[in-house]
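Labels below follow one simple rule: chain letters A, B, ... track the order of the sequence lines, proteins then strands, and each chain is numbered from 1.
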Number of protein chains: 2
Amino acid sequence: MTETNPLVRKLGAFVALSDAELAVLASLHKRRRTFVAGRDLVHQGQSDQAAYILASGWACSYKLLEDGQRQIVDFQIPGDFLGLRSVLLHVSDHSIEPVTDIEVTEILVADLLDAFAQTPRLATAILWAASRDEAMVVEHLVDIGRRNATERMAHFLLELGARLALVGMGSKAGYACLLSQYLLADALGLSAVHVNRVLRQLREGGMVTFRDGFVAFDNYHQLADFAQFDPSYMDQRGPLLR
Amino acid sequence: MTETNPLVRKLGAFVALSDAELAVLASLHKRRRTFVAGRDLVHQGQSDQAAYILASGWACSYKLLEDGQRQIVDFQIPGDFLGLRSVLLHVSDHSIEPVTDIEVTEILVADLLDAFAQTPRLATAILWAASRDEAMVVEHLVDIGRRNATERMAHFLLELGARLALVGMGSKAGYACLLSQYLLADALGLSAVHVNRVLRQLREGGMVTFRDGFVAFDNYHQLADFAQFDPSYMDQRGPLLR
DNA sequence: CGTGAGGTTGACGATGATCAAAAAGTGTGG
DNA sequence: CCACACTTTTTGATCATCGTCAACCTCACG
């Protein structure tokens with residue numbers, strides 16, 4: 001029942017789960033494991049692996065094209081699932097790489113599905129969490145499809161800040177961020193060179209400064225306005241539990 | 001237990017659901033409703049509406065930016081959910097527009113959640129379906145982020161064809177497709193003018209002809225090769241049911 | 001026959017990629 | 001502490017892709 005369990009904290013903060021349900025949730029966590037930065041946890045095409053909950057550190061999920069380009073789909077921060085979709089679909093459609101050294105707890109799918117049978121509200125909570133993740137990917141899609149490079153970067157930095165703020169790792173002042181410009185480029189569908197130029201623009205525009213592993217919002221309101229940032233899609237009301 | 005119910009058909013084809021579970025699933029379908037092309041079913045920001053299963057016709061889900069641009073996130077074809085994420089998250093992060101006149105059956109969330117309690121395997125099946133949808137969005141994201149306009153169009157036409165083939169509405173020869181070039185543009189993050197040019201290229205390259213409401217694959221293998229199309233992400237094995 | 005929606009094509013320009021090179025940090029071993 | 005290799009950031013120059021503007025065509029429909 002430890003509050004230090006990031007999944008329990010995440011779901012528990014937004015879903016009224018009973019003690020019994022929390023106990024089931026906590027019991028899902030098996031082995032604690034660590035992975036070093038840069039070494040994939042999950043490979044595209046791999047099957048039958050476990051899912052994880054990220055306890056500390058950052059990871060990213062991405063897809064590689066045959067010609068070697070890659071697209072980062074999403075970054076995961078503490079409390080997020082890693083590879084849930086992979087296990088549900090039997091085979092992973094993407095790879096997952098730790099951006100920093102990470103700690104995770106393993107979750108066995110069999111246990112998860114058993115837990116659904118015991119506590120259906122938990123199934124709803126997980127479905128809700130998956131929907132939130134999907135909403136994030138959708139917003140990322142809009143970002144890449146319809147915003148220019150500068151707006152895209154601005155929007156991305158704001159979104160990441162909002163997500164980090166939810167787990168106490170950021171504020172409207174800024175946040176620690178160890179992503180390289182190459183990672184940003186792969187996430188935003190840009191070249192690393194252009195990422196650098198765009199960051200300079202935003203810095204010189206007095207909106208946000210990304211430097212030395214820290215994102216500092218110099219003018220949060222102006223930035224949010226510029227990026228047309230509307231955080232309602234990450235709305236934090238819990239699922240429709242009855 | 002009519003097989004004409006598209007959701008039952010879709011889930012039933014990949015999940016071993018018992019008669020009792022199928023009955024619960026069928027009982028979810030409430031009113032049958034129709035909507036005319038072009039008039040939104042769901043508006044971005046709207047809350048507390050129902051979810052639907054698409055019975056006939058095509059729809060699309062999209063997001064509007066403040067400056068009037070729009071990004072189509074996905075097209076829905078018969079058997080697909082409409083607005084499931086919207087109800088789980090309380091408030092819709094996107095709009096849904098019928099591309100053609102459509103028929104849907106309404107599903108009340110309360111019923112859906114009750115059904116989870118009765119038949120947890122159903123919850124797993126729905127979670128699996130949601131994961132498949134998410135995998136589709138992810139592939140779309142990669143499409144827009146890392147493929148050029150021509151590859152993007154090629155990939156999109158192939159993916160749509162594969163999805164339609166699953167519900168008996170297409171083959172490797174081609175499929176009926178009533179999407180306008182404007183819709184394609186909004187889906188692929190291109191301008192309508194460029195969509196036209198790209199379609200010409202693909203036609204003159206002898207790979208695919210989109211004309212008069214029909215997509216004809218002139219050389220399926222060459223097209224799939226050109227687009228680096230790997231359909232494994234829409235893999236059709238069912239969820240991990242126990 | 002007129003109107004409007006969708007499709008087609010050309011000319012031009014802007015956004016962002018690519019190529020190239022240098023500067024600044026980071027970690028390693030001597 | 002320094003030399004080094006290596007990664008990451010920074011900047012400039014050039015080029016290609018794709019958007020914008022504009023015009024015209026076709027077709028369906030009233």
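Applying the salt bridge (charged side-chain N to carboxylate O under 4.0 Å, His left out) criterion to B:R203, with sequence neighbours excluded, gives no partner residue. By the side-chain contact (heavy atoms from CB on, under 4.5 Å) test, B:D212 pairs with no residue at all, sequence neighbours left out. The salt bridge (charged side-chain N to carboxylate O under 4.0 Å, His left out) check on B:D74 picks up B:R163, with sequence neighbours excluded. Shown here are the side chain to side chain donor-acceptor pair (under 3.5 Å) partners of B:D186, two or more places apart in sequence or in another chain: A:R146, B:R70.
For the helix from C:dC1-D:dG30 to C:dG30-D:dC1, the terminal axes (five pairs an end, C1' atoms, rotation from four pairs onto the next four) enclose an angle of 40°, given to 10 degrees.
Summarising the geometry, atom OG belonging to A:S61 is positioned 10.0 Å from atom CD belonging to A:Q71; distances are rounded to the nearest 0.5 Å.
Applying the salt bridge (Lys or Arg N to Asp or Glu O under 4.0 Å) rule to pairs touching residues 190-202 of chain B yields nothing, sequence neighbours excluded. Residue pairs meeting the salt bridge (Lys or Arg N to Asp or Glu O under 4.0 Å) criterion with at least one partner in residues 165-181 of chain B, sequence neighbours excluded, are absent. Among residues at least two apart or in separate chains, ring-ring contact (aromatic ring centres under 6.0 Å, His included) pairs with a member in residues 46-69 of chain B are B:F35-B:Y52.
Against DNA chain C, the stretch residues 70-77 of chain A makes no heavy-atom approach under 4.0 Å.
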Reading 5' to 3' through nucleotides 10-28 of chain D, protein heavy-atom contacts under 4.0 Å coded B for base, S for sugar-phosphate only, - for none: BBBB----BBBB-------
Could you pull out every donor-acceptor pair under 3.5 Å between side chains of residues 154-162 of chain A and any protein atom, sequence neighbours left out?
from, atom 1, to, atom 2, distance (Å)
A:H155, NE2, A:E139, OE2, 3.2
A:H155, NE2, A:R147, NH2, 3.3
A:E159, OE1, A:Y233, OH, 2.6

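In 5' to 3' order, the nucleotides of DNA chain C bounding all contacts with chain A (an atom under 4.0 Å from a heavy atom) are C:dG16 to C:dC19.
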